[in-house]
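Please read the structure below before turning to the comments.
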Amino acid sequence: MPSLLASRHIACYDARQFSASHPMSGKQLEKTYEPKQVEDRWYRFWIEQGSFHAPLDHPGQPYTIVIPPPNVTGSLHIGHALNNTIQDILIRWRRMQGRNALWVPGMDHAGIATQNVVERQLTAEGSSREQVGREQFVERVWKWKTQSGGTIIQQLKRLGASCDWSRERFTMDEGLSKAVREVFVRLHEDGLIYRGERLINWCPRCLTALSDIEVEHEEAKGKLYHIRYPLVDDPNTVLIVATTRPETMLGDTAVAVHPDDPRYQQLIGKKVRLPLTTREIPIVGDAILVDLEFGTGAVKITPAHDFNDFEAGERHKLPRISIFDDHARMAPFGLANAQVEESVRGKILQLPVKNARSMVVEALQEQGLLVKTEDHKMSLGKCYRCKTVVEPYLSPQWFVKIKPLADPAIKAVEDGRIKITPAGWKNNYLGWMRDIKDWCISRQIWWGHQIPAWYCRKCNGKVLVSTKPDGTWIIPKEAKPIVAKIRPTSCPTCNGSDLIQDSDVLDTWFSSALWPFSTLGWPEQTADLKKFYPTSTLVTGLDILFFWVARMIMMGLKFMGDVPFRDVYIHALVRDVEGQKMSKSKGNIVDPLHVMEQYGTDALRFTLASMASPGRDIKLAEERIEGYRNFANKIWNAARFILMNLDGPRETVPPKDRPFADRWILSRLNRTIREVTVSLEQYRFDQAASRLYQFIWHEYCDWYLEMIKPVLSRVEGPTLQSKDSVEAKRTKQTLVETFETVQRLLHPFMPFITEEIWQTLPHHGESIVTRPYPTAEPGWDAQDVESEFAVLEQFVATARTGRSLLNYQPGKVIATYGTATDHAELAILQKLSTHLSHLSKATVQLQPVAQWPAQNVLRLIIGGLTVGATVEGDVDLRKALERIKKQREEKTKEASRIEGKLGNTEFTAKAPSEVVAEHKLRLLAILQEQDLLASSERQLQEMMK
Ligand SMILES: [Zn+2]
Ligand SMILES: [Zn+2]
C-alpha cells in the first residue's frame, strides 16, 4: 500500500495525463452527472490506492473513530446512514487536515438476533436448536455468518465510508473473545462479578429461559380478584387488593399504595397480615407501581413472580419469595418460605398454577377474605415454541457490581475529560450514571461469548447448576501477561477433572463495551493500541448512550486507565416528514439504498448532514434529497462550464492585482473556509452544509460565474496585449484555484462527485482524498471589495425586482437609471457599471433623478439607492399592479408570521440568539420591501391615469 507521504509529493498531474489504469483515463465530464457510473469506480480506486489506511509511521497526530458496530444480521437503514455519514465527514476532513485518521470498522455478533435467524432456518428444515445440540448449532451460526452475514458492510462501502478495512473486527473474532475472557476474569478477581437473583422468562414445559422476543403476547380473558388484607394493628380495617393472579399472593412481601393518596397515606409504614399465611408484610408508598386511578389504589408486591414487582422490590429492598418449582408447581420449599398456613399448604402442595389458583380462591372465600371477582382482559405471555404460559421466574445470574466502575466514569464527564455534544445530554448521562443498577450480564442463549466459569460435577453433582451460589464456581485466575488458555484443568476442592462450563453466554453489550480497545489489540500491548487509544470522537444515537457509551467509558477507564474517547457526539433520530417514527407498518420508511440508487449517494449524504442540527429528531422529506441532487447537478454544470473555459494561457498574480469579481470570490471563499471549519469543529454539520450550499449555489454559481462570463467570452488573439486579455488570463487562474479549492472543501460531504470533478481539473496528487483541506489564505481577504459588492448586489437585486414587476422577458435588455445619496456608494456604482449592466441585463445610466426622463420610469428606492426601470410600450400596467398587490399580501403575511414569533416569549427565550437576530433582520428587510412595493404601486397608478 503506498503511504500517504508518497502520494503527497507526487508531481503535478494535469487533466489529460493519466495512466491507462486510472479511473479518469481518457475521460471528460459526461453531459449529466450519473452517480451510479461514478461512485463504484472511485470507491474501488480509493481501496486500491490504500487511501483509507492509517499507517503507523504517519507523522500526523492520530484522529481515531471506532464505528458503532452494526449487527451482523443488519441491513443499512436511514439511522445507520446518518450515523456513518457523520463519521465519514469527520474522518475525511481530519485526514485532509493531515491527521493520521483511522476509522475502525466492524460488526457485532448480536446474540439473540443472530441466534433467531439460524433457529428459523432450522425450523424450516423441520429441525430445532435442541435437536442439533449446542456445538453444531454454534457451528451453523458461524457458517451463516460467513455466507450471509455482513451485508451491511457492503452497504457502508456504498455510502462511501472511508473505513480502514484492513482493521475490520468482529466481536466474536479470536482477539476480541480473548479480550472478553480477560475482562471477565479480572473483574471477578477484583470482586466486581457476582451471582445474584434476577427474574427471567421461563417456559415450565421446555424448562428453559426465554429472551423477551421469544415470548409471544396475546390477549386473554381472565378475572380480577379483590382480596382483603387486614391491618395488623386493627384487624377491622382492611386494604382491598386487586389481582389477576391470586395464587402468587402467597409470595407477596409488601402492599403498595400511592404516596399522594389521601385514603392510604397514613397507612404507609404500617403492616398487614398476609391472608392464608402467618406472615406480616409492610405497606409501602410507591408512585411508580401504583396508579392512583386504577382499581382500589392498593396493589400487592410479589417480587419473585412479576417483573414490575421485582423492580418495586428493589426500590424498597423487599425479600423475594419464590413459591414455584421449575415446572411452575407449588414447591414445598417455596411454601415453607412463604409460611403458608398448614391447612392451605396441604391442599395446594405440588399443584400446577391453574389448579393452585382455584384452591387459593376457595380458601380465601372460606375465610371471608374474597370481596368480589370481575371479568378482566389481560395479556398473557406464551412460549414461542410450545405455547405454554411463560412464568416470570427467579433465577441466579451473573452480575457486574457497577458502582465502583461508574464513579470514575461520572468523574470523567464532570471534569471534561470526555465532552458530550450537544451539551444538554451531559446531565442525562450524569443522572443515569448516579442512579445506575448492577448489570446482569448472563443470557440464556447459545450464540455469544460463553461465560468462562466452570463447576465440578463431582462436588456439585446433586445440585442443579442453575441454583448454585457464586462460591462453588471455578473461575480461572488472571494468567499474566494474558489469559491464553483459560480453561481450568482441575477442581481446587477435590482435584477432579470433570468440569462443566456454565452454559450461559454474556450479554452482547459486554463485548461491545470493550470495543475501543479490544479492536486495537488489547489485551496485547500492540502498536495500534499505543498509537490510537484513546480514540478521538464517538458518534452515536441517543438510544444507546447508556447501553453502550456509558459502559465503554467505564471499561476504558478500568482497563486502559484512560477515557476511550475525548468527544461523544450524539445525533438526532431520523423520523418521517411529520416527525413520526419510521416503521414498516406505517409504510413511511425512507430506504437509504433506494435513495442512493435514485438520487446518488452524495445527495443522500448532503441531506443528512444538512439536517443534523442538535436536537431530538430529524424530519426527513424526500424532496430535500431531490433538492440536493439538484445541487450536485448545479456543481456538475459549473464544472463543465469551467472546463470549457480553461483553454488558453493562465496568469498568476497576487490576489490584490486581480479583477474585482475574482477578488470578491476569493474573499468570500476565505470566509466560507473559516466558517465551515469552525462548524465542523463544533459538530455543526448542518451549519457547515448550509454555508457550503449558499456559497456554491448562490455566491459562486449565481454571482461569480455570471460576473466573469463577459470576461471569458472575449476573443483572444496571439497579438492581443490589451487589458481585457490580461484580465481573462487572471480570471482563468482564479477560476481554477477557487473551483479546485471548493471541491476539497466539499469533499467530506460529497466525496464522489468532488473526486470526479477534481480529477479533471489541473491538480496535484493522485486523489482528492489525501489532499489538504483548504485553510484560509491571508492574501484573499478583501473586506473593501466585499463592501463594494454589497452595493452592487443591492442595485442588481432592485433592478431585477423592477424587471419582474413589469414582467420583462429574462433576455430583454431595458434602459435603467440609478443613483445613490451617498457619494462613496455612487462612486462604487460608477466603478462597477459594466457589471451592473451585465447582471441587470440593462443599459445603466448613473445620474441624479432630476435628469431621468419625467415619464415612464418606475423608481425603486431601497436604502440610499434609487433604481429606475423604464416602462416600455408593451408593459401591461394592470397586470403589474396585480403582481404588486399579490406580493404585498405575501410580504404582509410573512411579516406577521415573524412578528408573531418574535412576540412569543417562549421562542425568544429558547431559540439561539443568532436565530432570533436572523428573524429580526429578515423582518427589517420585509418592511423595506413593503415600502418599495407600496411606492411602486402608487407610481403605477399615477401612470395609468
Ligand atoms: Zn415451551
Ligand atoms: Zn470438585
Side-chain angles (χ1 to χ4, degrees), residues 111-112 115-116 118-134 137 185 188 195 198-220 245 248 305-307 322 324-331 351-357 378-396 443-447 451-477 486-505:
I112 291 163
Q115 173 155 329
N116 280 353
V118 177
E119 280 200 68
R120 273 199 298 273
Q121 286 184 349
L122 289 173
T123 309
E125 294 163 19
S127 179
S128 73
R129 170 158 70 105
E130 288 74 16
Q131 273 180 38
V132 301
R134 182 171 192 141
F137 179 80
V185 167
H188 185 261
R195 293 281 275 177
R198 169 65 78 101
L199 274 194
I200 53 169
N201 298 301
W202 180 260
C203 175
R205 199 207 64 90
C206 303
L207 297 182
T208 176
L210 301 172
S211 65
D212 286 344
I213 55 173
E214 291 170 324
V215 179
E216 294 172 354
H217 292 274
E218 54 185 63
E219 213 169 70
R245 301 205 57 189
T248 64
H305 294 285
D306 181 280
F307 288 103
S322 177
F324 295 163
D325 62 15
D326 282 359
H327 301 273
R329 289 179 310 217
M330 292 295 188
L351 285 189
V353 172
K354 222 175 166 184
N355 308 42
R357 182 175 303 164
M378 53 195 276
S379 163
L380 266 191
K382 294 191 170 173
C383 173
Y384 79 113
R385 276 177 290 197
C386 71
K387 314 296 171 201
T388 302
V389 175
V390 169
E391 283 294 333
Y393 194 54
L394 209 53
S395 121
R443 294 290 181 272
Q444 289 71 46
I445 57 172
W446 286 354
W447 174 241
I451 291 174
W454 283 258
Y455 71 97
C456 168
R457 207 196 302 263
K458 198 170 161 204
C459 295
N460 296 279
K462 288 185 191 105
V463 189
L464 260 181
V465 71
S466 64
T467 58
K468 280 151 43 88
D470 190 15
T472 58
W473 290 89
I474 306 161
I475 292 169
K477 291 252 183 254
I486 197 167
R487 191 185 171 84
T489 47
S490 62
C491 167
T493 314
C494 71
N495 230 352
S497 59
D498 191 5
L499 305 181
I500 314 274
Q501 188 172 5
D502 186 1
S503 58
D504 287 359
V505 301

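What you see is a predicted model; the values in this text were computed from it and never measured. For this chain, numbers begin at 1 and follow the sequence in order. Indexing begins at 1, ligand by ligand and atom by atom, following the structure's order.
Leu199 approaches Asp306 most closely through the heavy-atom pair CD1-O, 3.2 Å.
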Original post:
side chain to side chain contact (heavy atoms under 4.5 Å, CB included) between Trp202 and Asp326: does it pass, once the steps are laid out?
Top reply: CA-CA 8 Å; Trp202 180 260; Asp326 282 359; 4.2 Å; yes
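Draw a line from the Zn ion (ligand 2) to SG of Cys491 and another to SG of Cys456, and the angle between them is 110° (to 10°).
With hydrogens and angles ignored, the 3.5 Å screen pairs no side-chain donor or acceptor of Arg129 with any backbone N or O of Gln115. Checked by atom type and distance alone, the side chain of Glu119 never pairs as donor or acceptor with a backbone atom of Ser128 at under 3.5 Å.
Protein N/O/S atoms found under 2.8 Å from the Zn ion (ligand 1): Cys203 SG, Cys206 SG, Cys383 SG, Cys386 SG.
Distance CZ/Arg329 to CG/Asn355: 11.5 Å, rounded to 0.5 Å.
Lys387 and Glu218 are not joined by a salt bridge, as no carboxylate oxygen comes within less than 4.0 angstrom of a charged side-chain nitrogen.
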